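Below is one structure, written out as structure tokens; the observations come after it.
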Amino acid sequence: MVAAIYLPWLIIAMIAIAALQIMRRVLLWRKGRSAPIDWIGGLKALPKRYLVDVHHVVDRDRGASRMHVPVAAGLVAASGLSLIGIIPPIGRSASWAALVAFAFLVMILGASLVVARRYPAKLPRLSAGRFQGLPVLLLAFAGGGFLTALLGAFGDPMPALSLVMLFLAALGGISLALEVARGPMRHALAGSLHLVAHPRPDRFDKGRDTALRALDLDAPKLGAETPSDFAWNRLLSFDACIQCGRCEAACPAFAAGQPLSPKHLIADLARAQPKGATQPYSGAPYPNARPVAEKGEMDLPLIGAERMIHPDTLWSCTTCRACVEECPMMIEHVDAIVDLRRFQTLELGALPPKAVDPIDNLRGCDEQNGYALSARTDFLAGLNLPVLSETGETDLLLWLGQGAYDLRYQRSLKALVRLLQKADVSFAVLGEEERDCGDVARRLGDEATFQRLARANIEAVSQYRFNRIVTADPHALHVLRNEYPALGGRFEVVHHTALLDELMAEGKLLGGILPHGPITYHDPCYLGRYNGEFDAPRNVLARIGADSREMARSARRAMCCGGGGGAPITDIAGDTRIPDIRMEQASGTGAQIVAVACPGCTAMLEGVVGDRPDVRDIAELVLEAVENQKAPDAANHRDRLKSAVPA
């Protein structure tokens, strides 16, 4: 008897068991809200999404990439080739058995790399528990299958051994299939389906879909209270998590010891779905974890000390998207957090105590600190600032933002205004018609206030003629550019660093060389990860001759300053402060100046005490360079700028 001829039946048994297991999850997903899915488009795009988009993220960790490719490819190839053997002439062919053995050999190589990541000691960010048994099961299936097929290729000279090997393969394979419902193999099938039915299909093909979705304020329930309040494909996405911990390693709140781990949170959202006892979580605990009952069920509330997730976990997030950017399964952590916040804020009024006054001010005064809107431009007195209601039209509408009430940010804005005047740019401001853009209200879950502010701003802006909006606030830029369109406001919005880069490239601003030592640039999350703008600020620094040094975490993988998502308002305690960690990273470069491009980053980083680099907005640095210039030679200067800025 040739044991290899039973390999196809083993694969069929594994598929049947896996299908039954995944159906248990499908029944849970179906309890979620409906979601429109382009099934045909998703299925067509699946190979590219998996082989290109997902692999691009996986490959950032070369060890994971070298492991994942052979183990996944070997598993799929060995299973597929084994299935073909169900056809009698093929199943008795030595060539077929040799091919199957080769595919299993590839899988063995991959499984060996999986073992190396977990034994003798696993990487700290990986989960343990059932995940520790995964490489053993993979090796049993691959090793048993390899020897069974290899012996079959040689005519099965040792039938007893081949039967033992077939049993080993069956033991590993069936165990893997049983892991599909509750174990680590769940991510393989759920992950593939998640890529087909992804809630943000525009993220693929180098897309950048980062805007929060508008909430229907007439819906019977606002936000997510229970697992069943999420759309079914969002429940599916929680099951796609492989608990690799990349999100956790990138999370600034986790690093600061606040009670948030994006990995733990997603695992909790998955654990809360089935009725009965939840599976134990085997990753690192939430830092300074608040006690919770860990009770979950599809129709039970998720948030609360008697539930699955503590409120402080929810309010620790800065919405910086570092977790989303690092996730190889393209899970949208921030969307889930904001949906949960929406229910807490709109249905329960359960805001953190420190957030109550800012939200009340936004609701009553259209400004989070209760200042008069007419006072927004007071600090610019004497600079002959044009107001759009007086001019009627302009080239650029300068959106001042919330920071215009802040003494420190006013210095940055003054520098920008003076640069615009020096470049002879036609610009104006809204004056008292500019309300808060609504960013903080929306991130804290107050979607109603956000939509009201957004509609009022859209109405105010739309009555005037202008070409573009420019702002020095990346949070305002993001909502104006990406989130107002869903409410009817479609405007071309540029960041002030992009405008300065443009003006300097055109020779309208000529900067001298800065008299400073090394400079390091801190990427604002809402300019970089949210809007993909990494080059313009660096171009501007190059044009003024800055001696730039990059931090270890920069550009797409930059660390948050701690100022997003309403985090400075909710102020959840941890072991340290996020800006302290970021400033330590900046100091590590030896830079004398941290160049920033966001009023939130300026406030957070300047709040760091002790010996540290100075914090300067890029507009301030450009103004200094422009005013330091002596005896300008425009032609020579433009030639120098061309060589300073990377092509």
Side-chain angles (χ1 to χ4, degrees), residues 42 44-78 103 105-119 122-127 131 134-135 138 142 184-196 198 200-210 237 239-251 254 262-263 266 283 320-334 523 525 528-530 532 534-535 550-559:
K44 284 181 179 177
L46 177 60
K48 183 174 181 300
R49 288 177 181 178
Y50 182 79
L51 296 173
V52 178
D53 297 288
V54 169
H55 185 71
H56 175 74
V57 181
V58 173
D59 200 38
R60 293 177 195 165
D61 177 353
R62 291 299 174 89
S65 178
R66 283 193 290 268
M67 168 271 292
H68 194 262
V69 170
V71 76
L75 176 62
V76 172
L105 180 61
V106 172
M107 186 179 169
I108 289 174
L109 294 175
S112 301
L113 295 173
V114 178
V115 172
R117 291 168 67 84
R118 293 186 172 274
Y119 295 99
K122 70 175 180 62
L123 297 176
R125 59 180 166 83
L126 300 177
S127 290
F131 287 88
L134 180 62
L138 290 170
M185 287 303 289
R186 189 174 69 209
H187 96 283
L189 295 179
S192 299
L193 188 54
H194 169 56
L195 293 179
V196 173
H198 198 281
R200 291 180 179 268
D202 291 340
R203 271 194 67 187
F204 299 98
D205 295 325
K206 298 182 180 178
R208 185 166 294 280
D209 180 7
T210 57
S237 74
D239 277 345
C241 177
I242 186 58
Q243 298 191 23
C244 65
R246 295 191 194 193
C247 56
E248 185 177 278
C251 177
F254 183 85
K263 180 178 79 168
I266 294 299
C320 72
R321 280 185 71 86
C323 53
V324 179
E325 192 69 43
E326 288 300 305
C327 179
M329 294 311 303
M330 306 282 188
I331 297 170
E332 298 285 343
H333 310 65
V334 174
D523 290 90
C525 303
R529 271 190 294 274
Y530 273 84
F534 304 107
D535 294 336
E550 292 287 357
M551 285 183 260
R553 289 189 61 174
S554 62
R556 191 181 303 278
R557 308 182 88 169
M559 185 172 179

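If you're wondering where the values come from, they're calculated on a predicted model, not measured in any experiment.
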Would you call [X] and [Y] a side-chain contact if the rule is heavy atoms closer than 4.5 Å?
X      : Y      : value
Arg49  : Met330 : no
Asp61  : Arg117 : yes
Cys327 : Val57  : no
Cys244 : Arg125 : yes
Val52  : Phe204 : no
His68  : His55  : no

For this session: Spell out, as yes or no, whether a donor-acceptor pair under 3.5 Å connects the side chain of His194 to the backbone of Met329.
Result: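 Indeed, once roles are kept as given, a pair shorter than 3.5 Å links the two residues.
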
Exercise. Has the side chain of His187 got a donor or acceptor atom that lies under 3.5 Å from a matching backbone atom of Pro184?
Worked result: yes

So how far is it from [X] [atom1] to [Y] [atom2], rounded to the nearest 0.5 Å?
X      : Y      : atom1 : atom2 : answer
Thr210 : Asp202 : OG1   : CG    : 11.0 Å
Ile242 : Leu134 : CD1   : CG    : 7.0 Å
Arg66  : Leu113 : CZ    : CG    : 8.0 Å
Arg200 : Ile331 : CZ    : CD1   : 14.0 Å
Cys323 : Lys263 : SG    : NZ    : 13.5 Å
Met559 : Ser554 : CE    : OG    : 13.5 Å

Please report the closest heavy-atom contact between [X] and [Y], naming both atoms and the distance.
X      : Y      : value
Phe534 : Ala555 : CE2-C, 3.3 Å
Gly191 : Ala240 : CA-CB, 3.7 Å
Ser65  : Pro70  : O-CD, 4.3 Å
Arg246 : Pro328 : CD-CD, 4.3 Å
Pro262 : His333 : CB-CD2, 3.7 Å
Leu138 : Ala111 : CB-CB, 3.9 Å

Exercise. Salt bridge (charged side-chain N to carboxylate O under 4.0 Å, His left out) with Glu325: which of Arg556, Arg553, Arg529, Arg203?
Worked result: Arg556

Exercise. Within a reach of under 6.0 Å around NZ of Lys44, are more than 12 heavy atoms found that belong to other residues, nucleotides or ligands?
Worked result: no

For this session: Using the six-membered ring of Phe131, assess whether NZ or CZ of Arg118 lies under 6.0 Å from its centre and within 45 degrees of the ring axis.
Result: no

Problem set entry | Test log, rule side chain to side chain contact (heavy atoms under 4.5 Å, CB included), inputs Arg557 and Arg60 | CA-CA 11 Å; Arg557 308 182 88 169; Arg60 293 177 195 165; 3.9 Å; yes

